[in-house]
Protein chains: 2
Amino acid sequence: MVILKDSTQMANKTSQGRKRIQIKKIENLSHRKVAFSKRRVGVFKKASELCLLIGAKIGIIVHSVGKCVFAWGHPTADSVVDRFLSGGVDAGRTRENYPVTRTLAGL
Amino acid sequence: MVILKDSTQMANKTSQGRKRIQIKKIENLSHRKVAFSKRRVGVFKKASELCLLIGAKIGIIVHSVGKCVFAWGHPTADSVVDRFLSGGVDAGRTRENYPVTRTLAGL
DNA sequence: TGCTATATATAACT
DNA sequence: AGTTATATATAGCA
């Protein structure tokens with residue numbers, strides 16, 4: 001297939017859009033924060049799709065370097081990760097189908 | 001931006017490549033199996049990247065409908081999911097950096 | 001946070 | 001399992 005891009009518009013652009021990056025720790029803090037937010041959503045979304053397409057159950061624990069713990073799961077974060085959180089931390093419930101992210105205190 | 005696709009080549013193709021799909025359970029078993037395999041790898045890869053880029057710790061439990069349980073984690077599946085598997089199932093260790101998928105018996 | 005150009009993931013075929 | 005055409009995810013900016 002041949003793809004032609006309008007050269008007049010391409011020309012005067014310092015290069016917008018996504019660039020390739022190395023998969024190694026992002027040193028710049030603010031960059032890292034942004035990437036974390038975006039990619040966390042991305043992973044959860046992918047997991048969500050996997051659940052719905054296959055009918056599997058998934059639990060994900062993202063243990064950020066700070067102290068926040070994001071948990072996601074289907075049907076609920078608990079049902080899959082329950083025993084994981086048996087320490088006594090309130091796990092909360094995520095909604096069915098498109099579960100929401102929960103921020104858990106402590107841990 | 002303007003994108004022009006060569007019509008002569010586009011024409012005689014019954015339509016290869018990826019099609020858009022609905023995010024709902026795939027009824028066809030074999031299709032579902034292959035989608036499961038591919039997407040499971042995809043999710044784990046995304047998670048892996050998130051770990052490396054941000055330096056976070058992640059644990060994922062994929063509870064397929066059958067009886068297989070796939071676990072993935074960084075630094076190790078255990079370190080994050082340890083208590084989750086406290087039931088006595090051998091969790092095994094995943095390798096550093098690019099952890100491998102482990103199939104756990106039971107559960 | 002929202003936008004845009006691209007890098008990636010992946011559905012349909014082989 | 002490997003290929004190809006596209007749908008998606010997202011890096012760099014505003």
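The chains referred to below are lettered A, B, ... by the order of the sequence lines, with proteins before strands, and numbering in each begins at 1.
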Short side-chain N/O contact from [X] to OP1 or OP2 of [N], under 4.0 Å:
X: B:R20; N: D:dT8; value: yes
X: B:R18; N: C:dC13; value: no
X: A:K19; N: C:dA5; value: no

Task: A:L53 vs B:R39, side-chain contact (heavy atoms from CB on, under 4.5 Å): CA-CA, chis, key distance, verdict - done: CA-CA 10 Å; A:L53 288 172; B:R39 278 174 175 271; 3.3 Å; yes
- [ ] May I ask you to decide if the ring planes of B:W72 and B:F44 are parallel, tilted or perpendicular, using 30° and 60° as cut-offs?
- [x]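 Rings of B:W72 and B:F44: parallel, under 30°.
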Roughly how many Å is it from [atom1] in [X] to [atom2] in [N], rounded to a whole number?
X: A:R40; N: C:dT1; atom1: CZ; atom2: P; answer: 11 Å
X: A:F36; N: C:dT1; atom1: CZ; atom2: C1'; answer: 18 Å
X: A:L53; N: C:dA9; atom1: CG; atom2: P; answer: 17 Å
X: A:N28; N: D:dA11; atom1: CG; atom2: P; answer: 13 Å
X: A:I26; N: D:dG12; atom1: CD1; atom2: P; answer: 8 Å
X: A:R32; N: D:dT10; atom1: CZ; atom2: C1'; answer: 18 Å

Open item on the list: Apply side-chain contact (heavy atoms from CB on, under 4.5 Å) to residues A:L50 and A:I58 and explain how you reach the verdict.
Closed with: CA-CA 9 Å; A:L50 184 59; A:I58 303 186; 3.5 Å; yes
- [ ] List the steps and the verdict of side-chain contact (heavy atoms from CB on, under 4.5 Å) for A:S48 and A:L52.
- [x] CA-CA 6 Å; A:S48 165; A:L52 294 171; 4.1 Å; yes
Task: Earlier contact from the 5' end, DNA chain D, for A:H31 and B:K46 - done: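 Closest to the 5' end, via its nearest nucleotide, is B:K46.
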[X] side chain: which of [options] is closest?
X: B:R39; options: C:dT1, C:dT10, C:dA9; result: C:dT10
X: A:K38; options: D:dG12, D:dA5, C:dA7; result: D:dG12
X: B:E49; options: C:dC13, C:dA9, D:dA11; result: C:dA9

- [ ] Would you check, one step at a time, whether the test side-chain contact (heavy atoms from CB on, under 4.5 Å) holds for A:V43 with A:I60?
- [x] CA-CA 9 Å; A:V43 171; A:I60 301 184; 4.1 Å; yes
Task: Position toward the 5' end of DNA chain C (nearest nucleotide), B:G42 or B:V34 - done: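 Final value for this comparison: B:G42.
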